[in-house]
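The structure appears right after this line, and notes come after that.
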Amino acid sequence: MLTNRPRGTNDFLPGETEKWQYIEQAMRNICRTFGYKEIRTPIFEHTELFLRSVGDTSDIVEKEMYSFEDKAFRHLTLRPENTAGVVRAFLENRLYADPQPTKLYYIGPMFRYDQPQAGRYRQFNQFGVEVMGSNDPSVDGEVIALAAELFKGLGLKNLTVKINTVGCKDCRPNHSKNLKEYFSQYKDELCPTCQSRLERNPLRILDCKEEKCKEIAKGAPTTIEAACDNCKSHFAKVQKYLDMAGISYQVDTNLVRGLDYYTNTAFEIVVNTIGSAQNAVCGGGRYNGLLEQIGSTDMPGIGFAVGMERLLLTMKEQGIELSLEENPAVYIASLGEKAAEAAFGITHELRKRGIYAEKDYLSRSLKAQMKGADRLKVKYVVIIGDDELAKNALVVRNMADGSQEEVAIEEIVNYLEGRLKNV
Ligand code: AMP
């Protein structure tokens, strides 16, 4: 073996990929009814895009980006998240000239140079939505409800929707000032990262995972205390819409998100698992300043991302079993060269009619083929040997009851199609 897969990456094999297709389909279905259209953007972007959007005090930019120079010395980065790319595409393709809002979704891989562990990978997949062009709080309600309904539809239990407001460009400075004053009293007790955050972005201290910092953060002044009237009323309306949608939620005044671009509503959906830390399967929020930061169009936006590996892991932990592997309906067993050719033709005809059919590819004995068909749990086996061809009477065995019938080769496809319709 020449080499293994890179650290922090996964191979998803048959048996697993069906589950991916299943959750992806659930995502596409819910987006259809909510009116979100798919967008596909490049997997790499100019590094500058992430520096200017995700923010230089975020963990992503500080330590997690897969950045490289291409042969023409361009600075490029494998996307660590997709809001920046979608916003860039929205601006570059002038989607803002269309009737607003623009409601988009994406499904695809993201890359972060993170310490790999269960549920955390260097290449992972996200499903996300982004809505641009409306600051209406009903959009916030809709976006959160979309994620919550998706999870409910997949059968997830013990979910908590956590929401907060992180303020806007008018009131956030007040909040930062309050936080700076508060955390300054504990400066020496904060971790080194948070000590530097104190100067650069005290809001991020609320997001620190260090126990000591978390403890101190519990007494921190809340955003809502510093919020301006607009932010307060926006937040109250978001809650009203969530109530109307029947989505229960908790206001978590310490909830800030790891990326710098969030304004107003921030939210997470966490799964409470017994014995282990809360697991965030979805995170998002408003980013009303981001479009102006990336382009020159001052339009509001909001979105979320769902970690798909984490979602599948959570479904597994909760015992939501998806056995989606499909078995072929028919196996065409053959013995001899002529029979093998006939088997190829029949298999192809069946497949053209949408019937999942399999055949032998290894010139195995009839016994081995029958064993294989049994393992595949097929409904019918067609047996073709020289005798059967000479008599033009192929043997069709019904695997459910072991009964057999003889069918002419020109009739075999119609015969099987008819039988399978009645199953
Ligand atoms: P974020 O983009 O950091 O807000 O994360 C959104 C979601 O993506 C999280 O709730 C996680 O479920 C998932 N996620 C983030 N980073 C990783 C990672 N390194 N590996 C797997 N999933 C991740």
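Starting from 1, each residue takes its place in the sequence as its number. When a ligand or atom number is given, it counts from 1 through the structure's own listing order.
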### Task
Select one of side chain, backbone, both or neither to describe which atoms of Glu81 lie under 4.0 Å from any atom of ligand 1, heavy atoms only.
neither

### Message
Tell me whether Glu309 reaches ligand 1 (any heavy atom closer than 4.0 angstrom to a ligand atom).
### Response
no

### Task
May I ask you to check if ligand 1 and Arg120 share an N or O to N or O distance below 3.5 Å?
no

### Query
By number and element, which atoms of ligand 1 are closer than 4.0 Å to a non-hydrogen atom of Ala280?
9 (C), 10 (O), 11 (C), 12 (O)

### Partner of Lys103 by salt bridge (Lys or Arg N to Asp or Glu O under 4.0 Å), out of Glu130, Glu38, Glu142
Glu142

### Task
Ignoring hydrogens, just give me the one of Gln115, Gln126, Met308, Arg122 whose non-hydrogen atom is nearest atom 6 (C) of ligand 1.
Gln126

### For Cys282, the ligand 1 atoms whose distance to one of its heavy atoms is below 4.0 Å
10 (O)

### Query
Who are the side-chain hydrogen bond (donor to acceptor under 3.5 Å, both in side chains) partners of Arg74, not counting sequence neighbours?
Asp70

#### Entry: Region of Leu311 that comes within reach of ligand 1 [heavy atoms, distance under 4.0 Å]
neither

Tell me which donor-acceptor pairs under 3.5 Å the side chains of residues 303-311 have, and how far apart each pair is, sequence neighbours excluded?
unit_1 : atom_1 : unit_2 : atom_2 : d
Glu309 : OE1    : Asn125 : N      : 2.9
Glu309 : OE2    : Asn125 : N      : 3.2
Glu309 : OE2    : Asn125 : ND2    : 3.0
Arg310 : NE     : Gly119 : O      : 2.9
Arg310 : NH2    : Gly119 : O      : 2.9

### Message
Consider side-chain contact (heavy atoms from CB on, under 4.5 Å). Of Tyr186, Phe183, Tyr182, which one does Ile205 pass it with?
### Response
Phe183

### Query
Under the 3.5 angstrom rule, does the side chain of Arg52 hit a backbone N or O of Gln293 as a donor-acceptor pair?
yes

### Query
Is Glu64 salt-bridged to Arg122, cutoff N-O under 4.0 Å?
no

